[in-house]
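This report concerns only the one structure given below.
Each chain gets a letter, A, B and so on, in the order its sequence line appears, and its residues count up from 1.
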Protein chains: 2
Amino acid sequence: MVAAHNLHKTPESAKFDLLAYLKERQKLCETALDNAIPMRYPDKIYESMRYSLLAGGKRLRPILCLATCEMTGGTIEMAMPTACALEMIHTMSLIHDDLPAMDNDDYRRGKLTNHKVYGEDIAILAGDGLLAFAFEHVAISTQNVPTERVLQVIARLGRALGAAGLVGGQVVDLESEGKPDISLETLNFIHNHKTAALLEACVACGGVLTGVSSEDLQRLSRYAQNIGLAFQIIDDILDITATQEQLGKTAGKDQKANKVTYPKLWGLEESRSKAEELIEAACVELDSFGEKAKPLIAIAQYIINRDR
Amino acid sequence: MVAAHNLHKTPESAKFDLLAYLKERQKLCETALDNAIPMRYPDKIYESMRYSLLAGGKRLRPILCLATCEMTGGTIEMAMPTACALEMIHTMSLIHDDLPAMDNDDYRRGKLTNHKVYGEDIAILAGDGLLAFAFEHVAISTQNVPTERVLQVIARLGRALGAAGLVGGQVVDLESEGKPDISLETLNFIHNHKTAALLEACVACGGVLTGVSSEDLQRLSRYAQNIGLAFQIIDDILDITATQEQLGKTAGKDQKANKVTYPKLWGLEESRSKAEELIEAACVELDSFGEKAKPLIAIAQYIINRDR
């Protein structure tokens, strides 16, 4: 089904080179992030924030935001502060999730986690600092966008991160630890909040910045919710099938922790096919954007074909 | 000097009843905070956020914000979302500062600290959730204020909280632990960032909401910086002279930790007189606001006369 949709959208003559696109956008994001938080006194906290923020990663969240802004008629410049803020929020959530009091992880993106290098106290503060700066950055650096749209972006960022988003998902995830009988409903709640909410914010904010209609905003949200859930299913699959080297983080953690995952509920094959269905459904939401939707469609398909 | 200024500003006929004023404003803030974060699923995180947010306290920060907004021609309604956000940020900083990896405190405002009740993982997340919601709340709930002013408020909140504010101050404080020879410059850096930056944001945001001139904004900032430093000097004095019951938190902590404090550098008497000078200098900044400055002048004087 995915292949058919792909064929329908991209005739050979207009094939979209996703890898070149991602590479170029990653570089733009790296530069913007590097410039957004330069070194200052007190060095230790800036070093710690930059250590995690500039540790590589796919930069999928900022790229989704930039791509949606462009697809809906905006520019990269309009969206870059929001894109950077999304990556700062994502990074902050990783730093805090890795802490000994939470998931207690030693490696992330192939490097020691923040608290292993800087200590728990600094890691907690680095997360807080990134979070605070994310909002300041959007408020100060967004150019050529009406201020009421910038406020809407800030509201969405806060919501995606807080108890109604990431934080809420992490709480239910922690509560579910060591419970091998949690329901599909609870599992969906966790991932809709831990993963999909921020991905949805990436895409929705890209559209808010250009002032899309509420119908289009709903389409964008459905696209993002679908790829968000597919992303998590693939994450669960990779935790079983990939090596630590491929992942850049500890592999097989879910199994060791006896965690309920999609492959555990559905099996590997069925999980993979559900992820493919979700990606197909996501792409259908973008039909009305025509050719301009190519990058977002290619990114959706990349999500289920990635190996880390 | 303070008494002289007080006399000059408030003839007997127009005496300002600060205690009644504080009590009334505290109640308004309590109600607004209670309504801002109602209980929802997942219960545990909302309970934990509300446990610390509604644990009493002087509500000095939101009251300063409301008072400045009113003094400069605005209303309580205009400033209440910002006032609540300031208290959420303050509460979040207390929750994270109390963690075992930081100051490791068991009591705060006479109650067990957040992590002692909910665990470290939930306490970290409750802080993150309060922080995220603070920004969302300002963006969504501020009424009858031009959007560009709301953005300025958000930028100031982020700055006061991040590595250029609270977080930066806490980092230098942690680095200075157990070093009995830190300089007055470093001590001032710590407190200008840990305490004064957020107090300055309270007062400045109150003025930003009403669109005061940049001269007035500078006056307001100087008022706040002065009361901020005085507040910290008094805090240091109280750590020596007050009991745990009075403070609602562990007393004598600074001495036990061999921390450099103002009384240690200057002695108790000299510290007290410096605090009084700072309060006097703060009040002079408000001269141009005339009678309307009464609440802010009374609050400044309250700071050096408080016993907790």
Where do A/Ala163 and B/Ile45 come nearest, in terms of heavy atoms and distance?
CB-CG2, 4.0 Å
Looking at B/Gly162, B/Gly169, B/Ala155, which one has more heavy-atom pairs under 4.5 Å with chain A than the rest?
B/Ala155
Under 3.5 Å, which donor-acceptor pairs link chain A and chain B? Put them in a table for me, please.
{"residue": "A/His96", "atom": "ND1", "partner": "B/Asp128", "partner atom": "OD1", "Å": "3.2"}
{"residue": "A/His96", "atom": "ND1", "partner": "B/Asp128", "partner atom": "OD2", "Å": "2.7"}
{"residue": "A/Asp128", "atom": "OD1", "partner": "B/His96", "partner atom": "ND1", "Å": "3.2"}
{"residue": "A/Asp128", "atom": "OD2", "partner": "B/His96", "partner atom": "ND1", "Å": "2.7"}
{"residue": "A/Thr147", "atom": "OG1", "partner": "B/Thr147", "partner atom": "OG1", "Å": "2.5"}

Give the minimum heavy-atom separation between B/Pro42 and A/Gly168, together with the two atoms involved.
CG-O, 3.7 Å
Examine whether an atom of B/Leu174 lies under 4.5 Å from a heavy atom of chain A, and if so say whether it belongs to the side chain, the backbone or both; otherwise answer neither.
side chain
Quick check on A/Leu125 against chain B: is it the side chain, the backbone, both or neither that has a heavy atom closer than 4.5 Å?
both
Which atom of A/Gly158 lies closest to which atom of B/Ala132, heavy atoms considered
O-CB, 3.5 Å
Heavy-atom distance under 4.5 Å to chain B: side chain of A/Ala164, backbone, both or neither?
both
Based on non-hydrogen pairs under 4.5 Å, which of A/Val172, A/Ile37, A/Leu166, A/Val153 is most in contact with chain B?
A/Val172
Count the heavy-atom pairs under 4.5 Å between each of B/Leu157, B/Ile154, B/Ile122 and chain A, then report the option with the highest count.
B/Ile154
Please examine the side chains of A/Val138 and B/Leu151, heavy atoms only from C-beta on, and report whether any two atoms are closer than 4.5 Å.
no
What's the separation between atom CG in A/Leu131 and atom CZ in B/Phe135, rounded to the nearest 0.5 Å?
7.0 Å
I'd like to check the side chain to side chain contact (heavy atoms under 4.5 Å, CB included) partners of A/Ala134; sequence neighbours left out, ordered by chain and number.
A/Ala85, A/Met88, A/Ile89
